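Worth saying up front: this structure is predicted, and the values here are computed from it rather than measured. First listed ligand is number 1; within each ligand, the first listed atom is number 1.
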Amino acid sequence: MDLQQLCLKVNDIAREAGNYIKQESATFDRSKIELKGFNDLVSYVDKQAEAQLVEALRSLLPEAGFITEEETATERGEKYNWIIDPLDGTTNFTHGLHHFGVSIALMEGQEIVLGVIYAPMMDECFYATKGNGAYLNGKQIKVSDAPALKDSLIATGFPYYAFDLTQQYLQVLGAFMATSHGVRRIGSAALDLAYVAVGRFEGFFEYNLNAWDVAAGVIIVQEAGGKLSKFTSGGDYIFGREIVASNTFIHDEMLQTIALHWKYN
Ligand code: 2AM
Ligand code: CA
């Protein structure tokens with residue numbers, strides 16, 4: 001299979017789902033929100049977009065299985081699995097904010113080999129395949145070359161459940177505020193990672209994430225020259241529920257800043 005050709009087809013599939021979400025955003029009202037759990041929002045738009053993606057990806061690569069946020073498809077593939085978040089940034093979407101996107105990754109064995117993130121309101125499609133670089137709308141992208149945390153803009157996500165860790169999270173946040181250009185919280189982990197890849201942010205950290213929030217972003221950051229880990233170095237940052245992404249140069253400083261206040265029980 002030619003991964004790069006496959007990736008261009010996945011670009012089209014992500015754009016199609018993204019355009020559906022964009023179209024729905026014009027008329028969406030909040031009475032259509034359903035709750036999957038506390039603070040866990042979903043709507044018919046998430047579900048419909050996911051159903052479209054699953055159908056299109058299934059005909060593209062019939063032997064692949066699925067790990068998806070809305071669980072439209074749950075069968076696992078022997079070699080290949082798609083990891084999909086049809087709408088990352090649902091809270092933004094439901095409030096009329098434009099930062100949301102479609103996130104699609106392909107995992108071969110345990111390794112991500114393809115990632116596509118499409119932000120329909122900005123018409124930005126970020127994508128990468130293993131060993132072939134990272135791209136935004138057809139142009140190759142690279143992480144920022146800022147050498148130090150003091151020259152960096154850092155992205156994060158606030159805790160929205162498991163609030164027992166909020167106090168130590170806020171201490172880490174305070175430490176980044178005091179040592180960087182500033183901290184941003186845009187509400188889509190997939191776009192946070194894409195923005196590290198394209199050099200808008202130098203770093204990103206968040207805990208309590210799912211594989212579908214980060215899988216596509218991970219390979220896009222890697223292929224753009226960035227670095228990934230858990231809050232301590234290494235680890236399974238795809239299924240491990242916490243992630244640090246950086247332009248590489250500030251990675252150690254980020255881990256040191258987190259380690260000042262982050263305690264595991
Ligand atoms: P989602 O929109 O697909 O659920 C940002 O903090 C990340 O956490 C996003 O990728 C978002 O993915 C996820 N998330 C889930 N519920 C959230 C909530 N209530 N508030 C903020 N982020 C949430
Ligand atoms: Ca989602």
Side-chain angles (χ1 to χ4, degrees), residues 14 17-18 20-22 24-25 28 30 32-54 57 66-74 82-105 115-122 124 126 154-163 165-166 169-170 172-173 176 183-197 201 203-218 220-221 228 231 237-245 258:
Y20 161 73
I21 297 169
K22 180 178 176 181
E24 291 303 314
S25 76
F28 189 83
R30 275 187 244 165
K32 293 169 184 154
I33 297 174
E34 300 161 39
L35 277 184
K36 282 190 282 186
F38 174 74
N39 263 356
D40 197 355
L41 277 46
V42 69
S43 72
Y44 72 92
V45 180
D46 305 59
K47 293 178 189 171
Q48 180 58 38
E50 186 171 294
Q52 270 184 36
L53 291 170
V54 165
L57 294 169
F66 291 91
I67 298 171
T68 73
E69 175 159 25
E70 312 307 339
E71 299 181 316
T72 308
T74 52
W82 296 106
I83 306 181
I84 301 173
D85 189 342
L87 176 42
D88 186 65
T90 299
T91 307
N92 283 347
F93 172 80
T94 62
H95 286 258
L97 296 171
H98 287 181
H99 280 90
F100 52 81
V102 176
S103 176
I104 304 171
V116 175
I117 297 169
Y118 180 57
M121 305 307 281
M122 276 70 90
E124 289 191 322
F126 300 87
I154 301 301
T156 187
F158 297 151
Y160 53 91
Y161 71 99
F163 295 114
L165 300 179
T166 301
Y169 171 79
L170 289 174
V172 172
L173 188 61
F176 277 112
V183 182
R184 298 289 181 269
R185 197 290 192 202
I186 66 171
S188 160
L191 289 185
D192 288 325
L193 288 165
Y195 291 180
V196 170
F201 295 137
F204 166 63
F205 71 100
E206 184 163 355
Y207 72 95
N208 276 338
L209 291 173
N210 292 297
W212 47 77
D213 299 317
V214 299
V218 156
I220 298 171
V221 169
L228 296 133
F231 284 6
Y237 44 77
I238 295 167
F239 290 94
R241 305 195 63 79
E242 60 174 52
I243 193 163
V244 179
I258 292 169

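- Taking backbone and side-chain atoms together, Leu87 has an N/O/S atom less than 3.0 Å away from the Ca ion (ligand 2).
- Using a 4.0 Å cut-off between charged side-chain N and carboxylate O, Arg241 and Glu206 make no salt bridge.
- For the Ca ion (ligand 2), the nearest N, O or S atom contributed by Asp85 is named OD1.
- Neither side chain, Asp88 nor Ser103, offers a donor N or O lying under 3.5 Å from an acceptor on the other.
- Using modelled atom types, one finds a donor on one side chain and an acceptor on the other under 3.5 Å when comparing Glu24 with Tyr44.
- Side chain of Thr94 to backbone of Thr91: a donor-acceptor contact under 3.5 angstrom is found.
- Not a single side chain to side chain donor-acceptor pair (under 3.5 Å) links Gln48 to another residue, sequence neighbours left out.
- Scored by the side chain to side chain donor-acceptor pair (under 3.5 Å) test, Lys36 finds Glu69, Glu70 as partners (sequence neighbours excluded).
- In this structure, the salt bridge (Lys or Arg N to Asp or Glu O under 4.0 Å) partners of Glu124, at least two apart in sequence or on a different chain, are Arg200.
- Within 4.0 Å of ligand 1, contacts by protein heavy atoms are made from Asn39, Glu69, Asp85, Leu87, Asp88, Gly89, Thr90, Thr91, Tyr160, Arg185, Gly187, Ala189, Glu206, Leu209, Asp213.
- Residue contacts to the Ca ion (ligand 2): Glu69 brings an N, O or S atom closer than 3.0 Å.
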